[in-house]
Amino acid sequence: MAQIFDNDEPFVYRLNDNGFGPSLLVKVCTERGWRLYQGYSGSEEKWNLWWRTSAFPATSYKTLGEWQFMNHIPKGGSICRKDSLSRLLRCMRRIYGSIYDFSPPCFHLPLEYAKLVSECSRLRRSDDTTGPSVVWIHKPVAQSQGRGIFLFRSVCDMRCGGPAVVQRYIERPLLIAGYKFDLRLYVCVPGYRPLTAYMYAEGLARFGTDKYTLTDIHNPYRHLTNSSLNKTGPRYAECKDRIGSGCKWTLKQVRRALVGRWGAVEWLVWQRIRALVTLTLLAQAAGTPPARNCFEFYGFDVLLDDSLKPWLIEVNLSPALGADCEADVIVKQPMLHELFDLLGLPMRHTGLSLLQGPTQPLNNYSSEDESGVSKLSRVSVAGARRGTRRARRRRALPVHCVTLQAPTTENFPVSDLHEKPRDVRETGRLYKNSSGLSSDGIEIQPPSGAAVTSADAVDETWRGGYATAASRRKMLSACAWGNGVRWDRAAGRVGQWVRIYPHTLQNEDQLQVEDARESVAHVSKLLRAAREVARDGGRDGGRDKRVPRDGSCDAFFDAALRRKLAYGSNFEVWLPPF
């Protein structure tokens with residue numbers, strides 16, 4: 001990518017299917033010297049980056065070229081539906097325990113309506129009859145921007161519509177000047193197999209525009225922090241006490257508001273948020289196939305309660321990139337520039353000529369291939385040498401010709417598997433080590449009309465880690481992008497993008513170990529060390545008492561954390577700017 005051709009064409013970016021996209025994204029692409037894709041009605045597909053708000057069709061992954069990139073990973077949006085996120089976190093908590101206690105109790109409607117009624121009755125009997133009843137929040141599973149969300153105390157007051165989730169409402173959130181707020185954090189995942197994740201140091205705090213109180217649970221401007229909702233509120237433009245006009249702060253402003261009140265605990269809360277994000281990504285990592293030249297850009301919404309415990313509210317697949325206020329421009333514009341720098345996308349030139357030259361086929365997988373059949377994407381090669389020996393191509397099996405067989409207990413030696421709940425058994429299969437999985441390849445061309453069993457024809461080696469040479473090649477191929485970026489040797493920091501997982505990199509000749517239990521253990525180790533550092537720092541143990549508790553102390557805490565974890569210099573501590 002470092003080689004620039006004078007006669008090369010500019011980098012071509014594509015927005016959705018119609019050429020329209022977020023204004024700030026268009027501005028950043030223009031500033032980088034990129035050109036908007038104009039081939040919407042033609043057959044030419046010469047584009048380099050395709051940014052799409054919704055998920056890509058399955059066919060888009062099959063023909064992805066060496067110098068083409070897309071902003072969604074196959075099967076990477078499971079955590080972005082409220083019901084799917086709740087199920088994944090529920091399974092992980094049953095397996096790994098209280099480390100996954102950052103999501104409020106949740107019920108899925110209409111399937112768990114009876115459980116919700118039973119829980120409401122139990123809480124009503126256990127609570128004091130003179131006090132107010134528990135508050136619940138109702139959220140449609142496929143809506144955004146606060147649409148369809150409401151609060152209620154009694155099930156009789158709940159308006160049932162389509163599929164939704166009902167969560168226990170966090171009744172004591174952290175307030176600033178009496179206003180409720182949550183945090184919007186930006187996360188980039190360039191690959192799940194193995195997991196590589198970055199989080200941007202700066203972010204947004206989104207406020208409600210009316211002061212918080214539980215005496216009025218039907219006023220959305222007191223309880224909901226969605227910017228698209230609050231900018232229509234009557235007090236949005238009003239200069240509110242300490243908050244000012246509008247409804248957004250930067251994380252830098254939030255840090256300065258919390259430091260004087262909470263001291264060393266303020267440093268700890270950001271490490272807990274880092275762990276929360278990593279654990280959420282690990283919840284869907286095992287079900288996501290390796291994919292090259294694809295990345296996922298998430299918006300995590302996190303709420304702090306009055307004891308500074310972070311709670312995960314939801315994960316957004318395509319976070320808003322509009323510029324509604326000054327805070328949006330301050331945070332999002334440099335974030336997008338540094339995101340493209342992190343991904344290795346050039347400022348102006350692309351090497352578009354490389355897209356037309358001889359390239360190796362890429363291992364990409366369809367996001368809608370529910371059978372798990374891996375399909376080799378075919379890259380068209382213009383001007384290939386004549387007489388070159390080509391690998392034999394096999395006709396891909398249609399999905400309806402594949403009959404999947406349930407795994408046997410021999411492949412998954414889990415004790416008392418039949419006694420575990422169904423969702424735990426399924427999650428356990430996803431996270432089992434590769435030692436029990438079949439390592440046979442599957443490129444078999446069956447006779448016409450013949451059904452094929454999974455034992456002979458379905459290649460699911462990506463689900464088992466690095467059991468075979470083929471699976472190792474797929475992982476290495478997914479880690480090495482066409483522009484020369486190697487995610488198995490990922491940088492610890494690019495601008496304000498900080499690598500939050502893996503914590504450290506292994507030797508260059510080794511792949512990151514892909515085991516869920518070991519990954520959760522790494523996160524647990526980080527949390528324990530961070531608590532000890534914050535406790536020692538709060539007692540001024542070994543620290544100069546003349547140093548005030550502000551941004552100058554971050555280096556002290558960061559160094560103490562590195563010593564306690566015994567990590568190398570490539571470990572980065574995630575903290576918002578001060």
message = Evaluate L343 against L49 for side-chain contact (heavy atoms from CB on, under 4.5 Å), listing each step before the verdict.
response = CA-CA 11 Å; L343 299 173; L49 171 65; over 6 Å; no
inquiry  = When you measure from the side chain of Q68 to the backbone of G65, do you find a donor-acceptor pair of N or O atoms at a distance under 3.5 Å?
reply    = yes
ask   = Closest approach of A291 and P74, non-hydrogen atoms and distance?
value = CB-CD, 3.6 Å
request  = Any ring pair (Phe, Tyr, Trp, His ring centres under 6.0 Å) involving residues 71-92? Give me the pairs, sequence neighbours left out, ordered by first then second residue.
outcome  = F56-H72
ask   = Any donor and acceptor pair, going by atom type alone, linking the side chain of W574 with main-chain N or O of Y200 inside 3.5 Å?
value = yes
query = Who passes ring pair (Phe, Tyr, Trp, His ring centres under 6.0 Å) against F297, sequence neighbours left out?
reply = W51, Y186
ask   = Looking at W50, is R14 sitting on its ring face, NZ or CZ under 6.0 Å from the six-membered ring centre and within 45 degrees of the normal?
value = yes
ask   = Side chain of E202, backbone of P577: donor and acceptor closer than 3.5 Å?
value = no
ask   = To the nearest 0.5 Å, what is the distance between NE2 (H337) and CD (Q496)?
value = 13.5 Å
query = Short question: side chain of S84, backbone of S78 - any donor-acceptor pair under 3.5 Å?
reply = yes
ask   = Where do V189 and A197 come nearest, in terms of heavy atoms and distance?
value = CG2-CB, 4.2 Å
key: Distance in Å, C29 SG paired with L15 CG, rounded so as to fall on 0.5 Å steps   = 6.5 Å
ask   = So does R493 pair up with E572, basic N to acidic O under 4.0 Å?
value = yes
task = Could you pull out the closest heavy-atom pair between P310 and F102, with the gap in Å?
result = O-CB, 3.9 Å
inquiry  = Could you check whether any side-chain heavy atom of C325 comes within less than 4.5 Å of a side-chain heavy atom of D328, counting everything from C-beta outward?
reply    = yes
query = By ring pair (Phe, Tyr, Trp, His ring centres under 6.0 Å), which residues pair with F69, not counting sequence neighbours?
reply = W481
request  = On the 0 to 90° scale, with breaks at 30° and 60°, tag the H522-Y501 ring pair as parallel, tilted or perpendicular.
outcome  = tilted
Side chain proximity check, L345 to N483, heavy atoms < 4.5 angstrom = yes
request  = I would like to know whether C294 and N71 meet side-chain contact (heavy atoms from CB on, under 4.5 Å); could you show each step before the answer?
outcome  = CA-CA 6 Å; C294 299; N71 71 317; over 6 Å; no
ask   = Just how far is it from atom OG of S227 to atom NZ of K248, taken to the nearest 0.5 Å?
value = 4.0 Å
query = Quick one: do R93 and D101 make a salt bridge, cutoff under 4.0 Å?
reply = no
request  = Find the distance between CG (N293) and OH (Y61) and round it off to the nearest 0.5 Å.
outcome  = 12.0 Å
ask   = Any salt bridge between R292 and E66, counting N to O under 4.0 Å?
value = yes
request  = Taking atom types as modelled, find out whether Y192 and E296 have a side-chain donor-acceptor pair closer than 3.5 angstrom.
outcome  = no
inquiry  = Under a 3.5 Å threshold, yes or no: a donor from one side chain and an acceptor from the other, between T504 and N570?
reply    = no
request  = Please test Q333 against V28 for side-chain contact (heavy atoms from CB on, under 4.5 Å), starting from the C-alpha separation and ending with a verdict.
outcome  = CA-CA 7 Å; Q333 188 168 344; V28 169; 4.0 Å; yes
key: Least distance between heavy atoms, V315 atom then I79 atom   = CB-O, 3.5 Å
ask   = Considering residues, nucleotides and ligands other than E326, do more than 12 of their heavy atoms fall under 6.0 Å from its CD?
value = no
request  = Could you tell me whether the side chain of C80 reaches within less than 4.5 Å of the side chain of N316, counting heavy atoms only?
outcome  = no
inquiry  = Using modelled atom types and a 3.5 Å cut-off, is there a donor and acceptor pairing between side-chain atoms of R517 and backbone atoms of V520?
reply    = no
request  = May I ask you to decide if V12's main-chain N or O and N48's side chain share a donor-acceptor pair within less than 3.5 Å?
outcome  = yes
query = Among D301, N226, N230, whose side-chain hydrogen bond (donor to acceptor under 3.5 Å, both in side chains) with R206 holds?
reply = D301
task = Using a 4.5 Å cut-off on heavy atoms from C-beta on, say whether the side chain of L109 contacts that of V165.
result = no
key: Flag side-chain contact, heavy atom, 4.5 Å: L229 against R147   = no
ask   = Say you draw a straight line from CZ of F295 to SG of C188; how long is it, rounded to the nearest 0.5 Å?
value = 6.5 Å
task = For residues W47 and Y13, establish whether the separation of their ring centroids is below 6.0 Å.
result = no
ask   = Can you check side-chain contact (heavy atoms from CB on, under 4.5 Å) on L312 and L89, steps first, answer last?
value = CA-CA 10 Å; L312 177 64; L89 295 181; 3.9 Å; yes
query = Is P502 close to F571 at the side-chain level, that is, under 4.5 Å between some pair of heavy atoms?
reply = no
ask   = Of all heavy-atom pairs between A490 and R499, which one has the smallest distance, and what is that distance?
value = O-NH1, 2.9 Å
inquiry  = Centre-to-centre under 6.0 Å for Y198 and W497, is that the case here?
reply    = no
ask   = Between E112 and R87, is the closest basic N to carboxylate O distance under 4.0 Å?
value = no
query = Do M199 and T278 have side chains that get closer than 4.5 Å, going by heavy atoms?
reply = no
inquiry  = Has D182 got a side-chain atom pairing as donor or acceptor with T225's backbone, closer than 3.5 angstrom?
reply    = no
inquiry  = Determine whether a donor-acceptor pair (N or O, by modelled atom type, separation under 3.5 Å) exists between the side chain of K332 and the backbone of G322.
reply    = yes
request  = Look up atom CD1 in I500 and atom CG in L281, then write down how far apart they are to the nearest 0.5 Å.
outcome  = 6.0 Å
inquiry  = Could you check whether E314 pairs with K82 (Lys NZ or Arg NE/NH1/NH2 to Asp/Glu carboxylate O, under 4.0 Å)?
reply    = yes
ask   = Hey, is the main chain of P346 close enough, under 3.5 Å, to the side chain of W34 for a donor-acceptor pair?
value = yes
query = In this structure, which one of V254, V331, L204 forms a side chain to side chain contact (heavy atoms under 4.5 Å, CB included) with W249?
reply = V254
message = Within the structure provided, determine whether K75 and P289 are in side-chain contact (heavy-atom separation under 4.5 Å).
response = yes
Donor-acceptor pair, side chain of R272 and main chain of L276, under 3.5 angstrom = no
key: Closest heavy-atom pair and its distance - G21, N16   = CA-ND2, 4.1 Å
request  = Inspect the contact between D83 and R81 and indicate whether a charged nitrogen and a carboxylate oxygen are less than 4.0 angstrom apart.
outcome  = yes
